[in-house]
Every structure is written in C-alpha cells, then in structure tokens.
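A short write-up of the structure that comes next.
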Amino acid sequence: MAQQEKTTVRDRRGFYVHAAVYAVVNALLVGINFATSSEHLWFKWPLLGWGIGLLAHGVVAFALPRRRAVRGRLIAREMTKNAAEPS
C-alpha cells in the first residue's frame, strides 16, 4: 500500500474515533444537563462547538485526499524541474 493510501486510511480511522468520542462525551453531557437542570439547556453549546470541529475533521479526512494527490504531483514536478536546472 502506498504512503498516500496509508495516510488516507489513518485520517479516516481518526475521524471515526473522533466521532465515537464526540457521541459518547456529548451523550454524557446531555445526561448531566438533564439530571442537574432541565430548565437551562447548556449542552447544546459544547455539542455545537465540538460539532464544528468534527465537521472540519470530516472534510479533511474525506474531501481533501484528492487534493493531496494533486499537490504531491505538483511538488514532484517542481523537484524534477529544479533538479534538471544547472546550479
């Protein structure tokens, strides 16, 4: 397996771990909120803030691998071009 595929698999696995921790911790926060004060619902704020971070992690893990491949090809092209130029 090439290095890029390993990185993609690692990034996606990291996202799944992040999503699982998000679900468990926020379920606990909801439980704590309802157990202590159901009049003031504060659990939505950590849910929202962490959710934005989880969304960003998902974009990086699933939408950007193709962009990394293009970037890698551009870097390789520049390196071969620079190696061919006389010093």
Review point. Once you round to the nearest 0.5 Å, how far does OG1 of Thr8 lie from CZ of Arg13?
Key: 12.0 Å

Check your understanding: Is there a donor-acceptor pair closer than 3.5 Å between any side-chain N or O of Asn26 and the backbone N or O of Lys44?
Key -> no

Exercise for review: If the plane angle is over 60° it's perpendicular, under 30° parallel, otherwise tilted; pick one for Phe34 and Phe43.
Suggested key: tilted

Review point. Does Val21 reach the side chain of Trp50, with side-chain heavy atoms less than 4.5 Å apart?
Key: yes

How far apart are the closest heavy atoms of [X] and [Y], and which atoms are they?
{"X": "Phe15", "Y": "Ala61", "result": "CB-CB, 4.0 Å"}
{"X": "Asp11", "Y": "His57", "result": "O-NE2, 4.0 Å"}
{"X": "Trp42", "Y": "Ile32", "result": "CZ2-CG2, 4.1 Å"}

Practice item. Flag yes if Tyr16 and Val25 sit in one hydrophobic cluster, no otherwise; membership is Ile, Leu, Val, Met, Phe, Trp, Tyr, and two members link when side-chain heavy atoms are under 4.5 Å apart. Key: yes

